[in-house]
Amino acid sequence: MVLALLKRDLALATRAGGGFGLAVAFFLILCALVPFGVGPDTGALRPIGPGILWVGALLACLLSLDRIFALDHEDGSMDLLATAPIPLEGVVAVKALAHWITSGLPLIVAAPVFGLLLHLPGAATPWLIASLLVGTPALSMLGAFGAAITVGLRRGGLLLSLLVLPLYIPTLIFGTEVVRRGAEGGDPATPMLFLAGITAGVIALVPFAAAAALRVNLR
Amino acid sequence: MSLLTVQDLAVARGGMRAVEGVTFSLAAGQALILRGPNGIGKTTLLRTIAGLQPPVQGRIAMPDDAVAYAAHADGLKTALTVTENLRFWAEIFGGGGLDAAMSAMDLRGLADRPAAALSAGQKRRLGLARLLVTGRKLWILDEPTVSLDTASVARFATAVRDHLAAGGAALMATHIDLGLDEVEVLDLTPRRAKPGVPTRPAGFNEAFA
Amino acid sequence: MSIWEYANPVKFMRLSGAILPWVVVGAVLCTVGGVVWGFLTPLDYKQGATVKIVFLHVPAAMMAINIWVMMLVTSLIWLIRRHHVSALAAKAAAPVGAVMTLIALATGAIWGQPMWGSWWEWDPRLTSFLILFLFYVGYIALWSAIEDPDSAADLTGVLCLVGSVFALLSRYAVLFWNQGLHQGASLSVAPGERMSAVYRYPLYLSMLGFLLLFLALLLIRTRTEIRRRRLAALQAREIRG
């Protein structure tokens, strides 16, 4: 049952009008614009590379958040899912997972390439991939929470970013720190542990808050 | 066997009680039609019984996982085909019988069309076919015949009759006579909530009035 | 008689109406008294006259955090016990809290300029307050975006809960990120680190003043919210006849 939901969400995201790949394109544009803003020399780009890559991933992830529940809410699927045998918490978790697979995973694959554009040192690349792999699931889950809160609103998109971005701060701090320490040859283990801890906590607890918000928006 | 028992139910819309004191029960093989003027709270009552919003007062008793709810929105994905849409809901509800449902609602010829290409009436039929594949006993239907032509209404009536004969039950809000035998009508007009009786458990806006 | 009786809007209106004038008078006396007394204190040997902004900065910063905690508590009361006044109090407190945060940030910047040589430093405390301000803004925006008042109360309550956890998490994440320049707590219990009594007593007074000021604003704003809800309820009843 849960797999059916995941399969459908992935199918919807990859078919026409699903917006698959937009996040990566946005990420690319962002990484291409930064050098125009700060200048082309390695000396200027190298220190800000980890931060730009993480902020870019975070913003790209934000793009498709409002689709997590809004479409299902509009066409009545949410009412039907709420009466289905899957608990609403499970629906939230599966939909966040689908969002991560369609938005987070492509970013992780693309990030090392975009790292080259920003002169990220080769030693940092494995840490970039690892930190995104550990951190982005939390972004998707927190995004699902924001989407659940704003699902009933007509112009919820802007509000969604306003609510979700502050929640991303801890993940951003530790994620960037992992890459920075990786680039400078420091010890990335400590921030990595914090990052993993936040993600684990978010995945364990936030579905309950998001499901509560969905229930409010259903009535 | 009683599939649904509602006792002294009061529901609220927009922070105000809509209807109150609603009591009825529905046994297997029975259908109940809700009637009443626009805005009295039929939709709210159906959503409350389906478990989508909490009641203000009263009790709703039914077996676990019994409800299949269908309202104005059909929950269809335009990017998926008719079969994919139906199969999804069958898998979600752990039901089956796709072929039978498609025959019953005359969707066989449309099986591989994307839902985007369907007309309003065809979408509606697909939405009703969804009820058949859930395998749920208790159908809660809000204006199920909107945008259906006479032939489709007859098909739908047949589907409801088969469902009742198979031991199901249906609770619906509709103005159309479906020609069902075992059907009762509950007029909600006398159940309209009387505002501002302070002794009642207040809640919602009435705490302030 | 239990405290929950005051969750009834009518009882709350009666009690708050009776104590409001006293709270207002107390707020004016203590705030003005504390700030003026603070201004008359001698100059600090290190920080000179700039130290006097402490009498605005510290109380505002204290209230910025306390108001969020109060909102958390009232949100929980609403979510668990469904008392409407509690939800409306949280709604009424939020803009006051946001302004207190802004005052703390602005006075911090004005104080920091001569001390650190720049208007803004990404110091952990300042950054944490900036983050707190973002949470206030999101909370207020969510209240104003939702039409149905009970849904708005529920959703903002959940946001306040999750936001509290993340505000706290951000506080420690920020410490990890930058160790900072900010001086230690102004009122520390550890002896030797305390500021001298000359400054301490006017500070206590202005902190009490800010607390009463918040209480006065909270009561006024909650009363307004209750009246607004009452108006909406009466209109809804009239429409239905």
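Just so it is clear: chains get the letters A, B, ... in the order the sequence lines come, proteins before strands, and each one is counted from 1. Only a predicted model underlies this, so the values are computations on that prediction, with no experimental measurement involved.
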What one should report as the nearest heavy-atom pair of A/R15 and B/L80 is NH1-CD2, 3.5 Å
So which of A/L5, A/V2, A/T83 has the largest heavy-atom pair count under 4.5 angstrom toward chain B? A/T83
All heavy atoms of B/F93 vs all of A/A84, minimum pair found to be CE2-CA, 3.7 Å
Taking side chain as everything from C-beta outward and backbone as N, CA, C, O, which of these in A/L3 sits under 4.5 Å from a heavy atom of chain B? Side chain, backbone, both or neither. neither
Nearest 0.5 Å please: distance from the CD atom of B/E91 over to the NZ atom of A/K7. 4.5 Å
Looking at B/R113, I'd like to know if its CZ atom is crowded, meaning that more than 12 non-hydrogen atoms belonging to other residues, nucleotides or ligands lie closer than 6.0 Å. no
Is B/A71 close to chain A through its backbone or its side chain, or both, or neither, when contacts mean heavy atoms under 4.5 Å? neither
As an exercise: rank A/I86, A/D75, A/L81 by heavy-atom pairs under 4.5 Å with chain B and give me the winner. A/D75
Inter-residue atom distance B/K77.NZ - A/D72.CG, 0.5 Å rounding: 3.5 Å
Mind listing the closest non-hydrogen atom pair of B/L52 and A/D79 along with its distance? CD2-O, 3.7 Å
All side chain to side chain donor-acceptor pair (under 3.5 Å) counterparts of A/T150, not counting sequence neighbours: none
Top contributor to chain A contacts, counting heavy-atom pairs under 4.5 Å, from B/V67, B/L76, B/T134, B/T78: B/L76
Spatial distance of atom CZ (B/R130) from atom CG (A/L80) [nearest 0.5 Å]: 4.0 Å
Portion of B/D65 that has a non-hydrogen atom of chain A nearer than 4.5 angstrom: side chain
Relative to chain A, which segment of B/R136 carries a heavy atom at a distance below 4.5 Å: side chain, backbone, both, or neither? side chain
From B/T44 OG1 over to A/R219 CZ, what is the distance, rounded to the nearest 0.5 angstrom? 12.5 Å
Close approach to chain B in residues 163-172 of chain A, criterion heavy atom under 4.5 Å: none
Looking at side-chain heavy atoms only, is the closest gap between A/R215 and B/P54 below 4.5 Å? no
Surrounding CG of A/L116 (heavy atoms of other residues, nucleotides or ligands, distance under 6.0 Å), is the total greater than 12? yes
Proximal component of A/L218, with respect to chain B [non-hydrogen, under 4.5 Å]: both
